Enquirer: 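I have a structure here, written as structure tokens, and I will follow up with some questions on it.
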Amino acid sequence: MSHTNQVKWVIAGKAALCGVIVGVLVVAYRVLLAWGTGRAVLIYRWLHGKPLWIAGWCTLAVAAGLLIGWMVKKVPMASGSGIPQVEGVLLKGLHLSPLPILAVRYLGGGLCSLFGMSLGREGPSIQIGAAGSQLLSRKIRGSHSEGRLLVAGGAAAGLSAAFNAPLSGMMFALEEVYRSFSPLVLLSAAAASLVADFVSKNWFGLTPVLDFSSVPQMPVWNVLWMLPLGIVVGLVGSLTNRVLLGAQTLYGKLPWPARAPISLLIAVCVGMLFPYALGGGESMIGISESLTMSLGMLVLLMVVKMVFTATSFGSGVPGGIFMPILAIGTACGAACGMAVSLLGLIPMRYVTAFAVYGMAAALAASVKAPVTAIMLTVEMTGSLVHMLPVALCAFTALFVSDLLHTKPIYTELLDRYMRSHEGSEHEQHGNAIMEFPVEPGSMADGALVGSLDLPASARLVTILRGPVEVIPYDSTRVEPGDYLVLVFPTVHTQSVNEAMTRVCKNFRGATRVNDSSQ
């Protein structure tokens, strides 16, 4: 093999080892949260009609909130979803402290689930995967850049084990976390995801977390209903982002010891009144799919879930929003399908399809990861026949979200995290190596290496052109599809990534328009 292929397969083997560790860690996390949420449902059911016991449970909620708030104060990287922090490690040079993060994720996440807070396990599982891979990579990695690839693979493995969906884990790592379709990232993410999925399925079985195997295939002309459905879910997804960010802003005005206790007390109220809204949203998705709830109750439950998720997540407690967003989209899709069915325009059996497509559209509108949303739906349904309607619905929702200038939720959360922790001790040291794909029509497309506007702190060390490594002389012409391999100090990760995005991804026409407007 060439040197490049040797490096590629060595990293894939190490990523597979990371997949074993991540699979075990995420299985333990899933078991813990499932136990906590199950106990929460039973506790709230038992508390009805027992005011003294309710007061005692509220006291415990305040105490747990103070403990969780203290832990998050000590380990801020373990707050919230965890996905923005992993992106910050890979794209902006943040430092990941695995052991403290894992401790807060398990202890804090378990306490939150015991009170039924509207938080998902998928985001934390991604950070748990990254942290587990970071621990192992300290022993087996060959360089800082190799360690970054293993962290990206661990993140993919985390989502794979959380959903029993390895393809979606791979795609999310490429599309959202690392934001590069580099062959090295792809192979490390694939190896780690598949192994973690194997570990997870050995514990939980072969059935996906969200099993939509009974979704009926819609007739061709009924697929056009995905356009109005995508518009509605795009509006709901954009509103969800604004509510989440608004709640986080409001909590930011409160002293930190009060934030988590308030969110836990709200969880007690919701648990007494709307038990289907508890937890990440699996039960709510099941209700939406099974058509056992009226149209009005579906809409009410969707609104409650949106607000409840905002009050839970906005406080900064350790927990994610990936699954709650899916639950909101599923309820919205089911409500739209039911409304259309009640008007006599489609048979009632197609409402389940509306629910599943709404789930994917909400993820596309909020996270801006449409390919992951489509892939996740395909894996959940076990069939490719739904790809056309789900793609049409997801991209329509994404279009509406872009029209409303809705920023990707994890990008906005990362920006907020960076602003609030500016100047802290989170920056890494040493050098990093990153690959940047040259997209057709970008500034680098067809340009000579000597004319590229590369960052001053970075050096172009090689160009990967398929299986060939090209030595970059000033007279070398860059072709679309090339990968520019740069080495630079890790502390400059953010500035290098932003500069290379302008060079390798932005279209020349768009760049000229932006320059002229400025």
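Just so it is clear, the model here is predicted, and its values are computed rather than measured.
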Enquirer: Are the ring centres of W57 and F115 closer than 6.0 Å?
Expert: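 W57 vs F115: aromatic centres under 6.0 Å.
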
Enquirer: So if I apply the side-chain contact (heavy atoms from CB on, under 4.5 Å) rule between L111 and each of V317, L67, L264, which one comes out positive?
Expert: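 Running side-chain contact (heavy atoms from CB on, under 4.5 Å) over V317, L67, L264 with L111 returns exactly one hit, L67.
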
Enquirer: With a 4.5 Å heavy-atom cut-off, do V72 and W256 have their side chains touching?
Expert: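 A side-chain contact is absent here, since even the closest heavy-atom pair is not under 4.5 Å.
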
Enquirer: Measuring only between side-chain heavy atoms, which start at C-beta, is M171 closer than 4.5 Å to L376?
Expert: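 The answer is no, as the side chains (C-beta and beyond) never meet within the 4.5 Å cut-off.
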
Enquirer: Please report the closest heavy-atom contact between A15 and S188, naming both atoms and the distance.
Expert: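 Nearest pair, atom of A15 first, then S188: CB-O, 3.3 Å.
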
Enquirer: Would you say S133's side chain and A130's backbone share a donor-acceptor pair under 3.5 angstrom?
Expert: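 Answer holds: no.
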
Enquirer: Determine whether S160 and S193 satisfy the following criterion, side-chain hydrogen bond (donor to acceptor under 3.5 Å, both in side chains), listing intermediate values before the conclusion.
Expert: CA-CA 5 Å; S160 172; S193 293; 4.7 Å; no

Enquirer: Output yes when a side-chain donor or acceptor of H386 lies under 3.5 Å from a complementary backbone atom of V378, and no otherwise.
Expert: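 Answer holds: no.
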
Enquirer: Answer whether the closest heavy-atom distance between the side chains of R242 and L404 falls below 4.5 Å.
Expert: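 R242 reaches L404 side chain to side chain.
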
Enquirer: State, without any angle test, whether R416 and T249 hold a side-chain donor-acceptor pair at a distance under 3.5 Å.
Expert: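 Yes - a donor-acceptor pair under 3.5 Å links their side chains.
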
Enquirer: For the residue pair I126 and Q85, establish whether any side-chain heavy-atom pair is separated by less than 4.5 Å.
Expert: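 The answer is no; the side chains never approach within 4.5 Å.
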
Enquirer: Answer with yes or no whether the side chains of N241 and T406 bring together a donor and an acceptor at under 3.5 Å.
Expert: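 Not at all, the side chains of T406 and N241 share no donor-acceptor pair under 3.5 Å.
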
Enquirer: For K305 and A277, indicate whether the former's side chain and the latter's backbone hold a donor-acceptor pair under 3.5 Å.
Expert: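 Yes; at least one donor-acceptor contact below 3.5 Å.
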
Enquirer: Is it true that a side-chain atom of Y251 and a backbone atom of T311 form a donor plus acceptor pair closer than 3.5 Å?
Expert: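 Answer holds: yes.
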
Enquirer: Please determine if K407 and D415 form a salt bridge, counting it only when a charged side-chain N lies under 4.0 Å from a carboxylate O.
Expert: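 Salt bridge absent between K407 and D415.
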
Enquirer: Dump the intermediate steps for side chain to side chain contact (heavy atoms under 4.5 Å, CB included) on Y350 and V340, then the final yes or no.
Expert: CA-CA 10 Å; Y350 293 133; V340 174; over 6 Å; no

Enquirer: Report the distance from atom CD of Q134 to atom CD1 of I101, rounding to the nearest 0.5 Å.
Expert: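 Answer for the CD-CD1 pair, Q134 versus I101, is 9.0 Å.
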
Enquirer: Hey, mind stepping through S125 and L159 against side chain to side chain contact (heavy atoms under 4.5 Å, CB included) and telling me if it holds?
Expert: CA-CA 6 Å; S125 294; L159 184 60; over 6 Å; no

Enquirer: Do Y106 and I128 have side chains that approach each other closer than 4.5 Å (heavy atoms only, starting at C-beta)?
Expert: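 Side-chain contact under 4.5 Å: yes.
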
Enquirer: Surrounding NE2 of H405 (heavy atoms of other residues, nucleotides or ligands, distance under 6.0 Å), is the total greater than 12?
Expert: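 Atom NE2 in H405 is not packed in, count stays at 12 or less.
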
Enquirer: Rounded to the nearest 0.5 Å, what separation is found between the SG atom of C393 and the CG atom of L388?
Expert: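 One gets 11.0 Å once the value is rounded to the nearest 0.5 Å.
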
Enquirer: Which atoms form the tightest heavy-atom contact between A373 and A360, and what is the distance?
Expert: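 Nearest heavy atoms, A373 then A360: CB-O, 3.3 Å.
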
Enquirer: Is there a donor-acceptor pair under 3.5 Å between the side chain of S263 and the backbone N or O of S312?
Expert: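 No, because the side chain of S263 does not come within donor-acceptor range (under 3.5 Å) of the backbone of S312.
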
Enquirer: To the closest 0.5 Å, what do you measure between SG (C112) and CD1 (I68)?
Expert: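 The SG atom of C112 sits 3.5 Å away from the CD1 atom of I68.
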
Enquirer: Decide side chain to side chain contact (heavy atoms under 4.5 Å, CB included) for M293 and S288; before the verdict, give the C-alpha distance in whole Å, the side-chain angles of both, and the deciding distance to 0.1 Å.
Expert: CA-CA 7 Å; M293 190 172 287; S288 300; over 6 Å; no

Enquirer: I'd like to know if the side chain of S238 reaches the main chain of L235, judged simply by a donor and an acceptor atom lying under 3.5 Å from each other, with no hydrogens or angles considered.
Expert: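 It does not hold such a pair.
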
Enquirer: What are the two closest non-hydrogen atoms of A267 and F308, and how far apart are they?
Expert: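 Result for this residue pair: CA-CE1, 3.6 Å.
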
Enquirer: With a 4.5 Å cut-off on side-chain heavy atoms, are Y410 and F322 touching?
Expert: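 F322 vs Y410: side chains touch.
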
Enquirer: Nearest heavy-atom pair of A397 and A365: which atoms, and what distance?
Expert: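 Smallest heavy-atom distance, with atoms named: O-CB, 3.9 Å.
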
Enquirer: Can you name the closest pair of heavy atoms from L229 and G333 and give their distance?
Expert: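 Reported closest heavy-atom pair: CD1-CA, 3.9 Å.
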
Enquirer: With rounding to the nearest 0.5 Å, note down the distance linking OG1 in T330 to CD1 in I325.
Expert: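 Between atom OG1 of T330 and atom CD1 of I325 there are 11.5 Å.
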
Enquirer: R39 side chain to L114 main-chain N or O, any donor-acceptor pair under 3.5 Å?
Expert: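 Here the side-chain-to-backbone pair does not exist.
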
Enquirer: How about W46: does its CH2 atom have over 12 heavy atoms from other parts shown lying under 6.0 Å from it?
Expert: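 Enclosed.
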
Enquirer: Go through F198 and L194 one step at a time and tell me if the side chain to side chain contact (heavy atoms under 4.5 Å, CB included) criterion holds.
Expert: CA-CA 6 Å; F198 176 80; L194 291 171; over 6 Å; no

Enquirer: Can you confirm whether F204 is buried at CZ, in the sense that more than 12 heavy atoms of other residues, nucleotides or ligands lie under 6.0 Å from that atom?
Expert: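 Result for CZ/F204: enclosed.
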
Enquirer: Check whether any side-chain N or O of S81 sits under 3.5 Å from a backbone N or O of G320 as a donor-acceptor pair, and report yes or no.
Expert: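 Side chain of S81 to backbone of G320, a donor-acceptor pair under 3.5 Å: no, none is there.
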
Enquirer: Would you mind checking if D197 and K201 are paired as a salt bridge, meaning a charged N to carboxylate O distance below 4.0 Å?
Expert: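 Yes, this pair counts.
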
Enquirer: Any side-chain to backbone donor/acceptor pair from S200 onto A161? Under 3.5 Å, distance only.
Expert: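 At least one qualifying donor-acceptor pair exists.
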
Enquirer: Hey, which of L244, I83, I321 is the one that makes side-chain contact (heavy atoms from CB on, under 4.5 Å) with L413?
Expert: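 For L413, the side-chain contact (heavy atoms from CB on, under 4.5 Å) check succeeds only for I321.
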
Enquirer: Do I285 and M323 come close enough that some side-chain heavy atom pair is under 4.5 Å?
Expert: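 Yes, side chains in contact.
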
Enquirer: Could you give the distance from OG (S341) to CG (L295), rounded to the nearest 0.5 Å?
Expert: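 Going from the OG atom of S341 to the CG atom of L295 covers 10.5 Å.
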
Enquirer: When you check the gap from the basic side-chain N to the acidic O, do E282 and R121 get nearer than 4.0 Å?
Expert: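 Looking at E282 and R121, the cut-off is met.
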
Enquirer: State the CE-CD1 distance between M117 and I266, to the nearest 0.5 angstrom.
Expert: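 That separation rounds to 8.0 Å.
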
Enquirer: Heavy atoms only: give me the nearest A40-G116 pair and the separation to one decimal.
Expert: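 Looking at all heavy atoms of both residues, the closest pair is CB-N, 3.7 Å.
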
Enquirer: Do the side chains of R45 and P275 get nearer than 4.5 Å, heavy atoms only?
Expert: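 Side chain of P275 against side chain of R45, heavy atoms only: no contact under 4.5 Å found.
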
Enquirer: Check whether T396 reaches the backbone of G230 with its side chain - one donor and one acceptor, N or O, closer than 3.5 Å.
Expert: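 Answer holds: no.
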
Enquirer: Heavy-atom count check: over 12 atoms from other residues, nucleotides or ligands less than 6.0 Å from Y276 OH?
Expert: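 Open: at most 12 neighbouring heavy atoms sit under 6.0 Å from OH of Y276.
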
